[in-house]
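Along the sequence shown, residues carry numbers from 1. Just follow the structure's listing: the first ligand is 1, and inside any ligand the first atom is 1. Since this is a predicted model, take the numbers as computed values, not measurements.
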Amino acid sequence: MRYNKIRKMDISNGPGIRVSIFFQGCSFHCDGCFNEDTWDFCKGLEFTDETIEKVLDLCKEDYIVGLSMLGGEPMHPKNISGSTKLAKMFKERYPKKSLWSWTGFTYETIKDYEIFNYLDVLVDGQFKKDLFDPRLKYKGSSNQRVIDIKKSQKKGEIILYKDEEY
Ligand code: SF4
């Protein structure tokens with residue numbers, strides 16, 4: 001599998017200052033996607049154990065409050081084993097830092113994936129150009145949901161994320 005880029009300090013994708021990794025490859029091809037460069041599964045750079053170590057090392061700084069995984073598509077069958085491995089190792093090393101991910105899938109269709117043992121917040125659903133609203137926080141279109149995974153798992157229903165919790 002491959003990834004597109006790593007940001008050492010990202011203030012656009014989740015709360016606080018975060019490290020972010022953009023995976024390579026997405027088959028949704030949403031009209032108006034913010035990141036078409038990540039669609040091709042063959043582009044980008046190889047995702048290896050060294051990549052994971054690099055990301056984890058960047059996360060060690062005290063000012064980094066968490067890790068964000070974006071796309072491309074972190075939950076695509078071609079990417080899920082790598083994103084899950086990174087998620088697991090991140091939470092083992094930094095249990096108090098938050099882990100966010102974005103996906104074009106809806107939570108209900110992927111909620112049994114192992115990665116949800118480690119994720120704090122999932123922003124789900126494809127980007128819909130006709131529902132785009134620049135005032136939305138952490139998402140581009142109003143059909144998408146910012147889901148508090150830990151609370152949703154506990155309650156057995158979708159609980160939306162409230163700011164300042166992770
Ligand atoms: S799911 Fe995300 S990365 Fe994939 S095409 Fe849609 S907006 Fe772009």
Side-chain angles (χ1 to χ4, degrees), residues 1-48 51-52 54-55 58-59 65-88 90 98-150 152-153 158-161 163 166:
M1 65 173 280
R2 304 179 75 77
Y3 72 101
N4 181 273
K5 62 177 170 278
I6 293 165
R7 284 195 188 147
K8 295 177 183 174
M9 284 197 287
D10 189 343
I11 54 166
S12 313
N13 294 298
I17 305 173
R18 316 177 66 78
V19 173
S20 57
I21 179 164
F22 294 73
F23 289 98
Q24 187 69 43
C26 181
S27 44
F28 285 115
H29 296 188
C30 308
D31 185 16
C33 168
F34 72 111
N35 214 354
E36 282 189 29
D37 199 39
T38 64
W39 287 3
D40 187 338
F41 285 90
C42 299
K43 282 188 172 178
L45 302 158
E46 196 182 350
F47 183 83
T48 63
T51 316
I52 291 178
K54 180 180 172 183
V55 171
L58 290 169
C59 292
V65 303
L67 173 65
S68 294
M69 302 192 296
L70 307 100
E73 180 50 73
M75 308 297 170
H76 188 279
K78 286 185 177 160
N79 293 337
I80 190 66
S81 63
S83 59
T84 301
K85 188 172 182 183
L86 172 60
K88 183 171 192 283
F90 171 78
S98 69
L99 181 60
W100 284 49
S101 183
W102 279 251
T103 182
F105 294 99
T106 56
Y107 174 58
E108 288 82 352
T109 62
I110 55 173
K111 67 181 172 58
D112 294 331
Y113 286 8
E114 182 195 341
I115 199 166
F116 291 103
N117 293 331
Y118 319 117
L119 272 183
D120 294 299
V121 174
L122 179 77
V123 183
D124 81 334
Q126 292 179 56
F127 174 72
K128 305 274 185 203
K129 205 174 177 180
D130 52 333
L131 298 177
F132 168 67
D133 183 343
R135 295 166 300 180
L136 296 170
K137 203 167 180 184
Y138 308 130
K139 59 184 189 172
S141 55
S142 58
N143 61 299
Q144 295 171 312
R145 302 172 296 180
V146 185
I147 301 171
D148 185 320
I149 295 300
K150 295 280 171 287
S152 298
Q153 287 172 328
I158 300 286
I159 306 291
L160 296 180
Y161 167 77
D163 250 335
Y166 297 112

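Counting heavy atoms of neighbouring residues, nucleotides and ligands inside a 6.0 Å radius, atom CG of L45 exceeds 12 of them. More than 12 non-hydrogen atoms from other residues, nucleotides or ligands lie less than 6.0 angstrom from NZ of K139. With a 6.0 Å radius and a threshold of 12 heavy atoms from other residues, nucleotides or ligands, K54 has its NZ atom at or below the threshold.
Atom 2 (Fe) of ligand 1 has as its closest protein heavy atom F34 CE2, 4.5 Å. Summary of contacts: the protein heavy atom closest to atom 6 (Fe) of ligand 1 is C30 SG, 2.3 Å. The closest protein non-hydrogen atom to atom 3 (S) of ligand 1 is G72 O, 3.6 Å. Given atom 8 (Fe) of ligand 1, the protein heavy atom at minimum distance is C33 SG, 2.3 Å.
Note on ligand 1: W102 sits outside its first shell, no heavy atom being nearer than 4.0 Å. Using 4.0 Å as the threshold, H29 has a heavy atom nearer than that to some atom of ligand 1.
Under a 4.0 Å criterion applied to the non-hydrogen atoms of G104, ligand 1 contributes the atoms 1 (S). Listed by number with element, the atoms of ligand 1 under 4.0 Å from a non-hydrogen atom of F28 are 1 (S).
Taking CG from D40 and SG from C26, the interatomic distance works out to 11.5 Å, rounded to the nearest 0.5 Å. To the nearest 0.5 Å, atom SG of residue C59 and atom CG of residue L67 are 4.5 Å apart.
At a cut-off of 2.8 Å, C26 does not coordinate atom 6 (Fe) of ligand 1 through any N, O or S atom.
Remark: aromatic rings of F28 and F127 are distant, center separation not under 6.0 Å. In this structure, the ring of F90 has its center no less than 6.0 angstrom from the ring center of Y118.
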